[in-house]
Amino acid sequence: MNGLFANEDGRFAPRLSLRLRFGRLFQLLSLAAVTLGLIVLSVLILDIILNGYKWLRPEFFTEFPSRFPEKSGLRSALQGSLWMISLTALMAFPIGVGAAIYLEEYAPDNGLTRFIEINIANLAGVPSIIYGLLGLGLFVRGLELGRSVLAGSMTMALLVLPILIVSGREAIRAVPQSVRQASLALGATQWQTIQNHVLPYAMPGILTGTILAISRAIGETAPLITIGALTYIRFDLKGPLDLFTVLPIQIFNWVSLPKAEFQQLAAAGIIVLLGVLFSLNALAIVLRNKLQIRW
Amino acid sequence: MGFGMLGADKNLEDKLMLRNIFITLLALGLFLSACAPQPAPNQGVQGVEGTILVDGSSTVAPITAAVAEEFQAEFPEVRVPVGISGTGGGFKKFCIGETDISDASRPIKPSEVELCAQNGIEYVELPVAFDGLAVMVNPANDFVSCLTVDELKKIWSPEAEGVITNWSQVRAGFPDQPLALYGPGTDSGTYDYFTEAIVGEEGASRGDFLPSEDDNVLVQGIAGDANALGFFGLAYYEENKDKLKLVAIDNGDGNCVLPSTETVASGTYQPLSRPLFIYVNRERIDQKDEISAFVKFYLENAGKLSAEVGYIPLTDEIYALAQQRYDKRVTGSIFEGLGSTVGVSLEDLLAKEK
């Protein structure tokens, strides 16, 4: 028995004030944990905003990078990021959702399926630089796509696929079995059941997972540096086979330049990147709330 | 009862929602392309077009990027992406034909000469500017103002690893303080050149120093550590004069020389001033007319532009000799493929080939 709450004769002693104090203490500790995280985050964000806000002018979005900080912008990086994100989503979404549907709805429960499942879970934990090396060998050199935005997007699609598949499977699994049974009982085929019942109900979860995966892709730098996107670019991106650079790499490049103004430009770039990320996350929340079905 | 209805409403709502998102994204894309200022049609040279692939040293990249910026203003139809993968990384791509021009902060090495030869890649080597390597300590350090090359060698040689760990071991009379070392990463031409010039063998140094490919990290490291000693390009010192203390170098003759535009350009700051190069793929010159236009523009403007981004221009004579070398398509390295070479006069080397 807990000695703290026992009398000498072993019977329960309430000691209410002591227990309440313990409760309060734990509450304060939890609060401290939250506050600490928030303080560090807000100091970082505040520092970035103070450093970079005065560079956030229209020219910052319409100019190419330059050796003069006042004439520098992230036009090519923004274009590269938007291209890469769109292509990544176009490639990763159908494959990810397809894989999730197969694994949840069709795959027999045997050793092979479990082997695939374990591997997908493991792939989600592989460092992103490894995907960069794979992309360099497979897409840039193997398929001879060069250091193009298409090769970058394919690498990124590989990187986010495991996340997409896992979140897609969870969303599909959350659809109650009774919905499927009702549909099948009424004579619908398995595909009709998936198409008309499972997918619509799983869609909010799948979309949320997709947008979170895309948010990860937009902030990734390492795999893109490996495939050679660390490049100074002063022209518009015209197609998927063009050379490209992206926001995090442009920021990385500015940070490494000697002039102090470029560090402020990097801060402004971080604000833009955060803005894009926050809008994507907000979109995820809106989608989830709009499409959510409560059982 | 209402289940089917609810599903239908939901589906409709979903579709509208997705359509709205799609339209928003489309509008954003249109907006971004619309606010792109179009180059004035009659400005710039027409007729020359194409893409010139440049990659290589992060030290040379600011010069090439500045040249590319001005060049693309004059030749709007030519696209010049400037990659940054280090001198070694640049040659790896250049020697398998992935790039047209390679930026290099040291001459090509024997292993790279061999790789290029294997793939049948010939190149024209052109010097574009000088860079001084600055050796720096923390401003709080009041006992070091000048170091000899031998002392630097004692500090940086491979045998010093784990042995020379205190300032008092560097020179009798230095205080008993731990020694903390900072330097560029081993894939950089800067590291290659420094080890060649100081230790005497390219790529040989102790391993227990703090390396960073990002020179600003080295600046922060040295500025925040009273026991620090480090080295990197002079351009980064110029921007951080208040946080660092420059160390003069004595090349064994008893004269302490501080790096500056004058001492680097005149060659009196030895052995830590080095020429920077571009290597042009010989075969591509004939395939792509834009390369000749770019190289000519580069050599004409490198003097002014390299000074703007913090490097030291070559003399007009050397630029003229380099242009001659290019016009004659002289291939191979004036350093005979030996890699980093210390204390040679570019003018003599180029003139010898005339």
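Computed from a predicted model, the values in this text were never measured in an experiment. All chains are named by letter (A, B, ...) in the order of the sequence lines, taking the proteins before the strands, and each is independently numbered beginning at 1.
Proximity to chain A is limited to the side chain of B/Glu98, based on heavy atoms less than 4.5 angstrom apart. Proximity to chain B is limited to the side chain of A/Leu243, based on heavy atoms less than 4.5 angstrom apart. For B/Val80, the part lying near chain A is the backbone, with the side chain staying farther off; criterion is any non-hydrogen pair under 4.5 Å.
With respect to chain A, the highest number of heavy-atom pairs below 4.5 Å among B/Glu308, B/Lys93, B/Arg79, B/Glu238 belongs to B/Arg79. Contacts with chain B were tallied for A/Ile233, A/Ile225, A/Asp242; A/Asp242 has the most, counting heavy-atom pairs under 4.5 Å.
Considering only heavy atoms from C-beta on, B/Ile84 stays 4.5 Å or farther from A/Thr231 through its side chain. Residues A/Tyr232 and B/Pro62 have side chains not in contact (no heavy-atom distance under 4.5 Å, counting atoms from C-beta outward).
Note: A/Phe262 CZ to B/Glu239 CD = 9.5 Å, rounded to the nearest 0.5 Å.
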Practice problem: Before giving the answer on side-chain contact (heavy atoms from CB on, under 4.5 Å), spell out for A/Arg67 and B/Leu305 the whole-Å C-alpha distance, their side-chain angles and the decisive distance to 0.1 Å. | Solution: CA-CA 10 Å; A/Arg67 67 183 185 283; B/Leu305 294 175; 3.2 Å; yes
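Counting only distance, with no hydrogens or angles, the side chain of B/Asp215 and the backbone of A/Ser256 share no donor-acceptor pair below 3.5 Å. The backbone N or O of A/Arg234 sits nowhere less than 3.5 Å from a side-chain atom of B/Glu69 that would complete a donor-acceptor pair.
Within a 6.0 Å sphere centred on CD of A/Glu144, other residues, nucleotides and ligands contribute 12 heavy atoms or fewer.
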